[in-house]
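Treat the numbers as computed from the prediction; the structure is a model and nothing was measured.
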Amino acid sequence: MGLHLGSALSPFLFALVMDALTHHIQEEVPWCMLFANDIVLIDESRACVNERLEVWRHALESKGFKLSRIKMEYLECKFSTEPWEVGVDVRLESRVIPSRGSFKYLGSIIQGGWEIDEDVIHRIGVEWMKWRLASRVLCDKRVPLILKEDESSRNEDVEVDVQAHYDG
């Protein structure tokens, strides 16, 4: 059975297959999270991340999947004052995985420390963009008022209830 790339069933089937193939190596959330074709592995040290990456690589590649070594990256969160592993790189086989200061996951920007500035700025920017798009329609005199009203303001029962409230 073949599925089209844009099919709504494709991501669901992919998630089912990934879950079935990797259930024996998955850990509890938040230590391991799968979303579509992204895998998030969380651990307390780079050495442990390296071990888990190798387990995942072996499990997926033995089933015919390929891990994108080009797109792979990691984020190190420094939440404690413990000394960090000096000279230990995050690697997949012999390739060093590049580190990022932040990355976007499921619409949120995750940063390496306690900072939330980048995510807050991003969310404010998204909301302003939505307002700009809506205000073009709301402030345009050429757009009929009926299109600018929301559903509840066109409902006669709501108008009667509101009027009855003011009269009584």
Does atom CG of L133 have more than 12 heavy-atom neighbours from other groups under 6.0 Å away?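 Counting other residues, nucleotides and ligands, CG of L133 exceeds 12 neighbours.
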Please check: side-chain N/O of [X] versus main-chain N/O of [Y], any donor-acceptor pairing under 3.5 Å?
| X | Y | value |
| --- | --- | --- |
| R52 | I42 | yes |
| D140 | R142 | yes |
| T22 | I25 | no |
| R95 | R69 | yes |
| H58 | V55 | no |

Heavy-atom side-chain proximity of L41 to W56 below 4.5 angstrom: yes
Note: A59 and H24 closest approach over all heavy atoms is CB-NE2, 4.4 Å
All heavy atoms of Q26 vs all of D19, minimum pair found to be NE2-OD1, 3.0 Å
Spatial distance of atom [atom1] ([X]) from atom [atom2] ([Y]) [nearest 0.5 Å]:
| X | Y | atom1 | atom2 | answer |
| --- | --- | --- | --- | --- |
| E54 | L92 | CD | CG | 6.5 Å |
| M18 | L60 | CE | CG | 4.5 Å |
| N50 | Y74 | CG | OH | 9.0 Å |
| I97 | R46 | CD1 | CZ | 13.0 Å |
| M72 | R57 | CE | CZ | 10.0 Å |

Margin query: When you group the ILVMFWY residues by side-chain heavy-atom contacts below 4.5 Å and let the links chain together, are W128 and L138 in the same group?
Written below: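 Shared cluster, yes.
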*asked:* Under 4.5 Å between side-chain heavy atoms, counting indirect links through other Ile/Leu/Val/Met/Phe/Trp/Tyr residues: same cluster for I124 and W131 or not?
replied: yes
Q) Can D43 and E51 be said to form a side chain to side chain contact (heavy atoms under 4.5 Å, CB included), step by step? A) CA-CA 10 Å; D43 217 308; E51 291 171 15; over 6 Å; no
